[in-house]
Amino acid sequence: MKKKTYKVTGMSCAACAARIERVTKKLPGVAEANVNLATETLTVQVDSLDENTLKKAVEKAGYGLEKPQEKEDEGAKVRILKIRLIVSAIFAIIISYIAMSKMLHLPLPAMTNDVYVGALFVLLVPVVAINYRYYVAGYRSLLSGYPDMDSLIAVSTSAAILYGIYAAYRIFTGDVSYLKHLYLDSAAMILTLVTLGDYLEGKAKKKTSSAIKKLLNLVPPTAVLIDAITGEEKEVPASIIKKDDILIIKGGQKLPVDGVVINGKGIVNEAMLTGEALPVEKNIGDTVYAATVNTNGSFQYKATNVGSDTVLANIVRLVQEAQGSKAPIARLADKIAAVFVPVVMSLAVLAAIFWYCMGEPFPFVLQVFIAVLVVACPCAMGLATPTSIMVSMGKGAEHGILIKNAVALENACKIDTVVLDKTGTLTDGNPTVVDICPAGVDERTLLSQAAGAEKGSSHPLARAIMKAAEEYNVEVPRVSAFQAADSMGVEAIINGSIVRVGKPHWLEDNGVEIDKELSLKAENLAVMGKTVVFVASGKYCNGILAITDGIKSGTEEALRKLQNLNIATVMFTGDNEKAAGFVADKLGISQYCAELMPEEKSKELEILRTKGLTIAMVGDGINDAPALAAADVSIAIGSGTDIAMETADVVLLNSDLNDVAGAIALSRATMRNIKQNLFWAFAYNIIGIPIAMGVLHFWGGPLLNPVFAALAMSFSSVSVVSNALRLRSFSFQR
């Protein structure tokens, strides 16, 4: 199943988005289709699909489809809208002045009625011409059976213009009473105010992508390339760098692509990627990443990932995909939007018929009809969810919190329990051997056997043992066979004997005898929070190694922040009961599960879920994969280079446990914002449409002028986007 994203042109409201989704979902090979009004994108999940078929289907529906450019000029659309607004406003103001001059006795050159009417029509033409897209798109959608926001504008202003033409005919034939019912100024002002709303909305929406632009701007535009033939240095655009090119980076320069150092050394600031404030020394063989800064030194490196394959580009891609995803709460707005415009048109017709039957003159009936069409605003409903999600995802990415999709964003606000893995999450993930307790052999022999057996393992404890062997300058023996025993330990054949390193009961299950005194010593070490592993050769236990892993800096503060959010914490670990209890007591975690194998973690998590809890699992994204998959929201702690970027719902790029609370708080703020937007979008229409239909007038109140209806409609969508932009000021310091 492939996911593809396209740029959609010609959309104006949620009804447009709903229509495109319906059309594309019917195509063979399309499993899912999601249209995001705020990003103006269509994302499809397909098995196999001809792009021309997709494009023709979207174009037949009345819209355009194209591949998104890497760097789109977002300001171009806003600049065009600004020109349209200025031109429309100039002519609309003049036409309104002339139209009101007779009523308000405003100063105006003397002119006959014929010249007066002709001037209004001449001034209206530029306003209609420059806003022709409302008519093209509106009538195309109407004729295809799927009317949208443009259809409401096109029909309402067309009705006003057509009646104006009829009124002009009556004036030309001598009936001057129609001078008060031309409605040409209303048509001009409606088009102008709708354009004003589009312009303000466009400016506001442009701000929602500011975080993505900041990330993209981190990459330098040029790089210094070493010519493969001459060896000369030359400055080239970063965009032309290819894999295996050799680049040189000097002090103070940004890296344009990912790569491996092949000569020299530098001190690189990777804060933008890992959140680590202190620069990291880079030597030959070390990996370096695009957009990081070489603060000191000079080195050459070979490009490994370029363009869209760099770690930074992957982060940007994931954020953009997340911004375009749809939260479950958006389904309500989608369902309403699908039928909203036809219902509004029906209400406009019914209101017009009602007032006509009540004996009101045709100009009155027309005013009601136009006001109902213009006041309706599906745009606000369509923008209520995606704009908040766009801003929220961007804000999170800016802070190093990568939320993979809108479903995870919505689910995170419901979290009441956070399950945390111990090693590497609550602790530093850099364990160290602190006690070597031999039994029947010397320390060096014990460490040599353990290192030989663990040489083939990638477990953190194995790395600690290998590091200790290196520090003690112990020779690591050759191994003729190696096997890992599923989180219980490892075994290897060394010099013809089976050496096992692991948990005591696993060794005993394999016939190893463990001295009681050694077991007692192991228990005492475990009570001190140390992880103890037993080392056996053949049927005899040769001793134990005690390993410690310090509490990660900031862990206590992170747990306090979760507590402030009324979230319970649970610790899962494969470590022994006593070591787990020591860490839990030190951190104030009342509930924990120890000696768990990976598959047991997921079972324990399911037990918690049966109690009605909504759970987030926090781990490294690899060893905790089963538990992460079983959680309502999976949160991976690790840099952007980790495989967790592809597996977890949320990735904390800064490897900071404090960001768990930050992600949940951001989710809660976002969902509050979305609910506010949906409330005002629905409330606006629930209040505005009846007023436009003349409910207040029926009880002796005023009748809604179509111009004021257009003004209210325009600012309703602007207010929704503006409210979403408040998330840009969200503070992660809680």
Side-chain angles (χ1 to χ4, degrees), residues 8-13 15-16 37 40 62-64 75-99 119-143 147-165 182-206 341 344-345 348 366 369-380 382-383 705-718:
V8 181
T9 58
M11 289 195 299
S12 62
C13 66
C16 303
L37 180 62
E40 297 180 336
Y63 308 92
K77 182 178 178 181
V78 176
R79 287 194 295 272
I80 292 171
L81 281 169
K82 186 176 182 180
I83 293 170
R84 278 176 46 196
L85 175 61
I86 292 171
V87 173
S88 300
I90 290 171
F91 286 96
I93 290 170
I94 297 172
I95 196 173
S96 296
Y97 181 86
I98 294 173
L120 294 179
F121 273 103
V122 169
L123 290 166
L124 178 64
V125 170
V127 181
V128 173
I130 203 166
N131 293 294
Y132 74 95
R133 64 159 299 280
Y134 292 124
Y135 297 95
V136 174
Y139 281 114
R140 185 167 54 193
S141 299
L142 184 63
L143 294 173
D148 56 19
M149 188 64 210
D150 289 335
S151 302
L152 299 180
I153 302 302
V155 171
S156 61
T157 54
S158 294
I161 293 169
L162 288 173
Y163 187 75
I165 293 172
L182 280 167
Y183 283 109
L184 300 180
D185 57 324
S186 294
M189 287 304 296
I190 288 170
L191 290 170
T192 301
L193 291 170
V194 170
T195 305
L196 172 64
D198 287 348
Y199 170 69
L200 294 175
E201 181 185 312
K203 281 192 69 176
K205 283 167 65 177
K206 183 181 171 184
V341 176
V344 168
M345 287 189 156
L366 181 65
F369 177 75
I370 294 172
V372 174
L373 292 180
V374 172
V375 81
C377 187
C379 298
L383 292 168
N705 188 299
V707 173
F708 291 113
L711 185 64
M713 182 276 295
S714 297
F715 280 96
S716 64
S717 55
V718 174

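- Here the closest non-hydrogen pair linking A187 and I161 is CB-CG1, 3.9 Å.
- Side chains of L85 and K82 form no contact here, defined as non-hydrogen atoms less than 4.5 Å apart.
- Using a 4.5 Å cut-off on side-chain heavy atoms (C-beta onward), F121 and I165 make contact.
- You'll find the side chain of Y135 reaches within 4.5 Å of the side chain of L191, heavy atoms only.
- Here the side chains of T9 and Y63 are not in contact, with every heavy-atom distance at 4.5 Å or above.
- Minimum interatomic distance between I95 and L184 (heavy atoms only, all atoms of both residues): CD1-O, 4.1 Å.
- Across every non-hydrogen atom of S88 and I130, the tightest pair is OG-CG2, 3.4 Å.
- Judged purely by atom type and a 3.5 angstrom limit, S151 uses its side chain to pair as donor or acceptor with the backbone of G138.
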What's the verdict on side chain to side chain contact (heavy atoms under 4.5 Å, CB included) for D198 and Y134, showing C-alpha distance, side-chain angles and the deciding distance? CA-CA 12 Å; D198 287 348; Y134 292 124; 2.5 Å; yes

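- By the 4.5 Å heavy-atom criterion applied to side chains, I86 and I83 are not counted as neighbours.
- Ion pair D150/R133 flagged as a salt bridge, since at least one NZ, NE, NH1 or NH2 atom sits closer than 4.0 Å to an Asp/Glu carboxylate oxygen.
- Distance check: L196 CG to L81 CG gives 10.5 Å after rounding to the nearest 0.5 Å.
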Side chain to side chain donor-acceptor pair (under 3.5 Å) between Y139 and S158: does it pass, once the steps are laid out? CA-CA 11 Å; Y139 281 114; S158 294; 2.6 Å; yes

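- Under a cut-off of 6.0 angstrom, the local environment of CZ in F708 is sparse, with at most 12 non-hydrogen atoms contributed by other residues, nucleotides or ligands.
- The side-chain heavy atoms of I94 and I98, taken from C-beta on, include a pair separated by under 4.5 Å.
- Scanning both residues, I370 and S156, for their nearest heavy atoms gives CG1-O, 3.6 Å.
- Across all non-hydrogen atoms, the minimal contact from R140 to G62 is NH2-O, 2.7 Å.
- Counting heavy atoms from C-beta on, the side chains of L120 and D185 never come closer than 4.5 Å.
- The shortest side-chain heavy-atom distance between V374 and L193 does not fall under the 4.5 Å cut-off.
- Atom CG of L152 is separated from atom OG1 of T157 by 10.5 Å, given to the nearest 0.5 angstrom.
- Here the OH-NZ distance, from Y199 to K77, works out to 14.0 Å after rounding to the nearest 0.5 Å.
- A side-chain donor from one of N131 and T195 sits under 3.5 Å from a side-chain acceptor of the other.
- When all heavy atoms of A92 and T192 are compared, the pair lying nearest together is CB-OG1, 3.2 Å.
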